[in-house]
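Here's the structure we're looking at; comments come further down.
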Amino acid sequence: MSPQHRLEYLQRMIVTAAQMRSIEQRIFDAGMPIAAVMEKVSGRLALRIQALYPQPSTHRIGVLVGPGHNGGDALVVARELYFQGYEIMLCCPVSRLKDLTATHLHYLENLGIACYQSVDPLAECDLLLDGLFGFGLDRVLTKPISTIVDVVNEWDIPRLSIDLPSGLHTDTGQVLGTAICATHTLCLGLWKLGLLQDDALHYVGQAELIDFDIPLADIAAVLGEMPSVQRVTPQCAIAALPLVRPASTHKYKMGHVLLICGSRRYAGGALLTGLGARASGVGMLSIAVPQSLKSALSVQLPEALIVGCPETEDGAIAELPASVTLSSFNAIACGPGLTTDATAVVEQVLTSECPLVLDADGLNIVAHHGTIPTLHKRQAPTVLTPHLGEFKRLFPEIADGMDCRVTAVQRAAKHSTAIVLLKGARVVISDPHGSVRVNPTSTPALARGGSGDVLTGLLGGLVAQKFAAPSSTTLLDVVQAGTWWHAQAGCLAARKRTELGVDAHTLTNFLIPALARQTQIGTE
Ligand SMILES: NC(=O)C1=CN([C@@H]2O[C@H](COP(=O)(O)OP(=O)(O)OC[C@H]3O[C@@H](n4cnc5c(N)ncnc54)[C@H](O)[C@@H]3O)[C@@H](O)[C@H]2O)[C@@H](O)CC1
Ligand SMILES: [K+]
């Protein structure tokens with residue numbers, strides 16, 4: 001495998017602490033000495049740290065040393081940086097160290113490097129390395145370590161965590177008492193699940209993977225040939241998008257999506273969903289809205305077929321006109337701006353045999369009817385796109401006390417037989433078989449009213465294209481690709497316009513530029 005393919009493969013992998021330990025054990029059992037692995041890891045860490053924090057602007061580095069091999073890594077990095085001319089100060093608040101860690105500490109002390117139990121002498125450093133705990137952390141931090149963590153978090157000094165910020169649970173990303181709030185996290189070998197949990201993001205800072213040549217066979221032996229939990233990468237997202245259209249195609253072969261959205265109260269939801277669907281490249285776009293929105297929407301989306309529907313007194317869609325045949329569409333996306341008055345329409349689409357993307361009030365109506373029994377009656381695939389509040393309404397038993405978004409979404413998808421996409425800073429998507437995708441790149445600029453409507457439209461258009469023509473791309477692939485694309489548009493818009501400047505309408509204008517940019521990168 002070429003280095004580029006290896007890197008792409010590693011970027012997709014996610015491990016729990018138990019899986020990492022099994023992989024590590026296989027390497028040791030095969031004959032690689034533990035000390036040699038530590039040297040290798042730390043050599044690569046030291047190179048990266050020098051690139052991120054070059055001399056002379058960074059000169060004095062404080063190193064927090066814990067009892068295990070995370071502390072050992074930190075000591076070997078400290079030794080290498082010392083020989084590169086950095087001034088090193090150690091803080092090791094524990095007396096019982098693992099043997100290898102103790103040996104390295106002994107050598108550093110013999111080199112004349114000062115090691116303190118207190119952290120106070122490190123207050124004037126230019127950079128702090130956090131080697132207190134890695135994936136071996138198994139309980140809540142207590143004094144004096146918890147105090148040290150709290151003290152350094154107050155200092156105005158960059159903090160670089162080795163493997164993961166000390167104090168974070170490796171799998172759930174939850175804070176065990178307190179945790180280092182890192183500027184950078186250099187994750188070793190394989191991405192730890194906890195770094196992809198929303199609760200952890202405040203602590204993780206800029207995260208990077210440091211490859212240390214774990215044999216792929218050992219990864220596959222533990223995670224499987226097709227690991228069920230994966231990160232979304234640009235390559236796999238781009239591969240699932242309908243970018244190359246057959247030369248002799250026509251509009252009906254490129255999918256026909258029906259959007260059902262909007263109400264007099266939430267007229268904008270229909271437009272944003274429509275603009276998202278338009279960007280998907282779908283061959284035909286039909287939008288069912290309350291009759292009173294029809295003329296305004298026709299002006300704003302001239303290429304779409306706008307279907308005016310009878311309205312309730314409050315201006316919600318009362319029913320679909322008899323002229324609409326649901327089975328003639330390749331996909332339906334339903335929900336944004338509907339209000340819960342549109343119950344009859346949602347019931348109607350649920351009984352259709354058309355692939356369905358459900359969002360917003362579409363989800364609330366399903367939750368009201370009982371999620372699992374309602375979805376079990378469906379013949380065609382369903383994609384649910386809840387935010388956390390909607391997820392709790394849809395799956396109250398699963399959401400109750402959930403500490404890991406990945407396992408919660410996995411369970412929700414299995415129980416409901418739908419694809420479940422849980423929105424958040426790190427969107428998690430699972431199919432009913434338990435295959436999970438986590439989108440690792442996004443922007444808080446997307447935390448804004450209407451950006452979900454854009455996603456629903458985009459997904460609707462992509463799903464319609466998938467079902468319009470036979471393809472080997474799975475529905476999960478399509479949903480992860482749409483999620484990635486939406487996030488990339490947010491990132492590009494935030495770069496050009498600041499995070500404040502990414503209203504949902506603006507976001508739709510960045511969908512195509514973001515894709516154009518990424519596909520050039522992806523094919524280079
Ligand atoms: N997986 C791998 O292949 C490699 C792992 N390495 C490093 O080794 C680390 C894992 O090493 P370890 O297994 O020694 O684990 P850690 O270094 O994370 O620490 C575990 C030690 O801390 C103690 N401990 C756990 N929670 C505590 C708490 N709240 N308060 C006080 N003590 C606590 C444990 O009893 C144990 O002695 C990784 O994160 C990484 O930095 C690298 O050295 C080399 C390669
Ligand atoms: K650490």
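Order of listing sets the numbers, starting from 1, for every ligand and every atom in it. These values consider heavy atoms only, across backbone and side chains, with no hydrogens, waters or symmetry-generated copies. What you see is a predicted model; the values in this text were computed from it and never measured.
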**Request:** Could you confirm whether D163 has any N/O/S atom lying under 3.4 Å from the K ion (ligand 2)?
**Result:** no
**Message:** For T233, run the side-chain hydrogen bond (donor to acceptor under 3.5 Å, both in side chains) check against Q11, Q480, E8 and tell me which one passes.
**Reply:** E8
**Prompt:** Just by distance, do the side chain of H433 and the backbone of S435 share a donor-acceptor pair under 3.5 Å?
**Reply:** no
Please set out all donor-acceptor pairs under 3.5 angstrom arising from side-chain atoms of residues 28-42, sequence neighbours excluded.
| residue | atom | partner | partner atom | Å |
| --- | --- | --- | --- | --- |
| D29 | OD1 | Q25 | NE2 | 3.0 |
| E39 | OE1 | R79 | NH2 | 2.8 |
| E39 | OE2 | R79 | NH1 | 3.1 |
| E39 | OE2 | R79 | NH2 | 3.4 |
| K40 | NZ | D213 | OD2 | 2.8 |
| S42 | OG | M38 | O | 2.8 |
| S42 | OG | D73 | O | 3.3 |

**Asked** L75 and H104: which non-hydrogen atoms are nearest, and at how many Å?
**Response** CB-CB, 3.9 Å
**Prompt:** Mind checking what makes side-chain contact (heavy atoms from CB on, under 4.5 Å) contact with P215, not counting sequence neighbours?
**Reply:** I27, D218
**3.4 Å cut-off met by an N, O or S atom of S161 to the K ion (ligand 2)** = no
**Request:** Verify whether one side chain among D126 and T58 offers a donor that lies under 3.5 Å from an acceptor in the other.
**Result:** no
**Asked** Is the K ion (ligand 2) under 3.4 Å from any N, O or S atom of F133?
**Response** yes
**Request:** Taking the K ion (ligand 2) as the vertex, measure the angle between atom O in I162 and atom O in L164; round to 10°.
**Result:** 80°
**Prompt:** Strictly by modelled atom types, are N439 and T483 linked by a side-chain donor-acceptor pair under 3.5 Å?
**Reply:** no
**Prompt:** Considering only heavy atoms, which protein residues lie less than 4.0 Å from any atom of ligand 1?
**Reply:** M20, R21, E24, V37, M38, V41, P67, G68, H69, N70, D73, K98, F133, G134, F135, G136, L137, D138, R139, V140, L141, D163, L188, F212
**Message:** Could you work out, with ring pair (Phe, Tyr, Trp, His ring centres under 6.0 Å) as the rule, every residue matching F395, not counting sequence neighbours?
**Reply:** F391
